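In the text below, chain A, chain B and the rest are named by the order of the sequence lines, each starting its count at 1. The figures that follow rest on heavy atoms only: side chains count, while hydrogens, waters and symmetry mates do not. In this text the structure is predicted, and so the values were computed from the model without any measurement.
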Amino acid sequence: MTFLLRRLAFYLAAFIAAATVNFFLPRLMPGDPIQIMFASAGSELSLENLNALKLTFGFIDAPLGEQYLRYLQSVFTGDLGRSIKYFPLPVTELLGRALVWTLGLVGIATLFSFCLGTFLGVMAAWRRGTIFDSIVSLTAIFSSSVPAVVVSLIMLFLFGYQLGWFPNGYAADPLLDPGFNWTYISSVLHHGTLPMLTMVIVLTGGFAVTMRNNMINLLGEDYIVMGRAKGLADNRVMLWYAARNALLPTVSSLAIALGTVLGGSLVTEVVFNYPGLGNTLYQAIIARDYPVIQGQLLIMTAAMLIANFAVDLSYVLLDPRLKKA
Amino acid sequence: MTIFRQLLSNKKAMVGITILLIVVLVAIFAPFLTEYSPVKRVGRPHQAPSWEHWLGTTRLGHDVFARLVYGARVSLAVGFGAGLAITLIGTVLGIIAGYKGGVVDEVINFFTNMVLVVPNLPLLLVLAAFIGQASPLVIAVILGLTSWAWGVRVTRSETLSIRQRDYVKSAEMLGEPSWRIMAFEIFPNLISIVGINFIGSVIFAVITEATLEFLGLGDPNTVSWGIMLYNAQNASALSVGAWWDLLAPCFALAVLGLGLALINFAIDEIANPRLRTGGMLNRWTRMVRIGEGKL
């Protein structure tokens, strides 16, 4: 229990640190930050907008300390201010719309790459030193050293433009009305294939290498030798003795991946013009829509922290030693 | 120095080093490789690759090949500059935290963990957005300041175990000052970890710089691979069929990434003979920062 409480306190501190960065950045800008934000966002300066923006960043007529506390208060009550570009749309609403697409795209891609990568890793470790192992390892190294932007662009070029198999943008045919019918759903699937495939290519390598190494480390353990000595079938030793235990550390990297993937899908979404969180962030950057950019940092930090906490929880459940610690 | 000799006899390392050397040579001798200036209009817009323009021209009529070879300079400079900064901070803090222990360790460890859980890319984007059009130097500096945490964690945990060794104990008995122990007893034994951290950070910096620039946070007047991607994307290079404009920097980034990754993999194999049976490869994977480095 103490372990979990300590972790919780730590995550709270980390979140406040991210919020603090957000609070001080506009204050470090030379001149009047609000004026500059509006100037660079290219929108005109109505008094209403100005005041709303000032509130967003806690610019009130009060000492810095009080401004800071007010800002933290609004962040913790879920108020991230309003978008400059789509004034007066609240940032939370803007991000909420995008979140659905990102969760779908990224969630499925991550789970799929996790399963595929784990499977490849298990097989490669079991046959280590063979050609199969070399191919899997080298491909995995390559896929985790090539930037996602490169993979996305090449996929878009090949399958989107050259072969014309898949559409080049949007989450669904913009002419269709969203609804729970086959035409719309198939359009969503068709549009989602390329971004999904890109994410899978980018993510699978990491999972495969991690699993391969965990597995190889375990293969030397006595109980594996024992299993084989007992004359158990290869598959049984591989899956039920080795893979099961090797999976534990991998679960943690899955959770971390789910947390960071919100940021990691950014480039993919931008290249395929997919209306998720990443693309929203990109549009906000182009428009210099600071409240949206900063809101993203907080949301992504929160996602990362929640994922980390989930890992801690799962460790307490899976590893009895930690319960006492 | 055996590690360097071993590197030369490792096949993966040789391929990686060769790739890296070629990129470095191309960057140094850029003016001899192309007659065109990377910033001057030298042809009609979006010309396909030809004898005159090996990789075609951009929408502004710049020579793509010229921009590619000159752009290698920026990618390498940012990669190695930021990589050096990240490694330096990570190694120094890691050794101090691991060797000194106590309050110093607690403080460093707390900040390290905090930086680790705040997602790197969004933080970089926010910083870059406030800075405005970030030059490669600025990008390298903010990369160095925000990405050192992983190195500290790895170096610290390794220092913790080295600290218990007899030769460290005897140096302490002899009354050697602690900076001397850290620099001459502990550091030389961390060289492979530092190397892996360094190459991993270089990969990370090259990828991240290109990504930030691709997203429009860089200075559009820079000649770099990231800005090439940004311009090509803005010129809708793919939809007008000017694939050379976009694929050239893609190819360059992929090749450089692969070369560096191979070197890293090889250092790993050499540093840890058990590697073919796992071990540090695991750490290597984390060094390329799954999720984090994948931008």
Approximate separation, where rounding is to 0.5 Å, of [X] [atom1] and [Y] [atom2]:
{"X": "B:L125", "Y": "A:L266", "atom1": "CG", "atom2": "CG", "result": "6.0 Å"}
{"X": "A:L99", "Y": "A:I299", "atom1": "CG", "atom2": "CD1", "result": "7.0 Å"}
{"X": "B:L258", "Y": "B:I203", "atom1": "CG", "atom2": "CD1", "result": "9.5 Å"}
{"X": "B:L260", "Y": "B:I17", "atom1": "CG", "atom2": "CD1", "result": "11.0 Å"}

What part of [X] gets closer than 4.5 Å to chain A, counting heavy atoms only: side chain, backbone, both or neither?
{"X": "B:A129", "answer": "both"}
{"X": "B:F251", "answer": "neither"}
{"X": "B:L247", "answer": "side chain"}

## Note on the structure
Comparing B:V206, B:N113, B:L253 against chain A, the one with the most heavy-atom pairs below 4.5 Å turns out to be B:N113
### Query
Looking at B:I131, B:L246, B:L256, which has the largest count of heavy-atom pairs under 4.5 Å with chain A?
B:L246
### Task
State whether the number of non-hydrogen atoms from other residues, nucleotides or ligands found under 6.0 Å of B:F111 atom CZ is greater than 12.
no
### Message
Could you check whether atom CZ of B:R59 has more than 12 heavy atoms from other residues, nucleotides or ligands sitting under 6.0 Å from it?
### Response
no
Can you tell which part of [X] gets under 4.5 Å to a heavy atom of chain B, answering side chain, backbone, both or neither?
{"X": "A:F157", "value": "both"}
{"X": "A:I285", "value": "side chain"}
{"X": "A:A13", "value": "both"}
{"X": "A:Y11", "value": "side chain"}

### Task
Assess the pair B:Y230 and B:F214: is the distance between their ring centroids shorter than 6.0 Å?
no
### Task
Would you mind telling me which of A:L153, A:L281, A:I293, A:I154 has the largest number of heavy-atom pairs within less than 4.5 Å of chain B?
A:L153
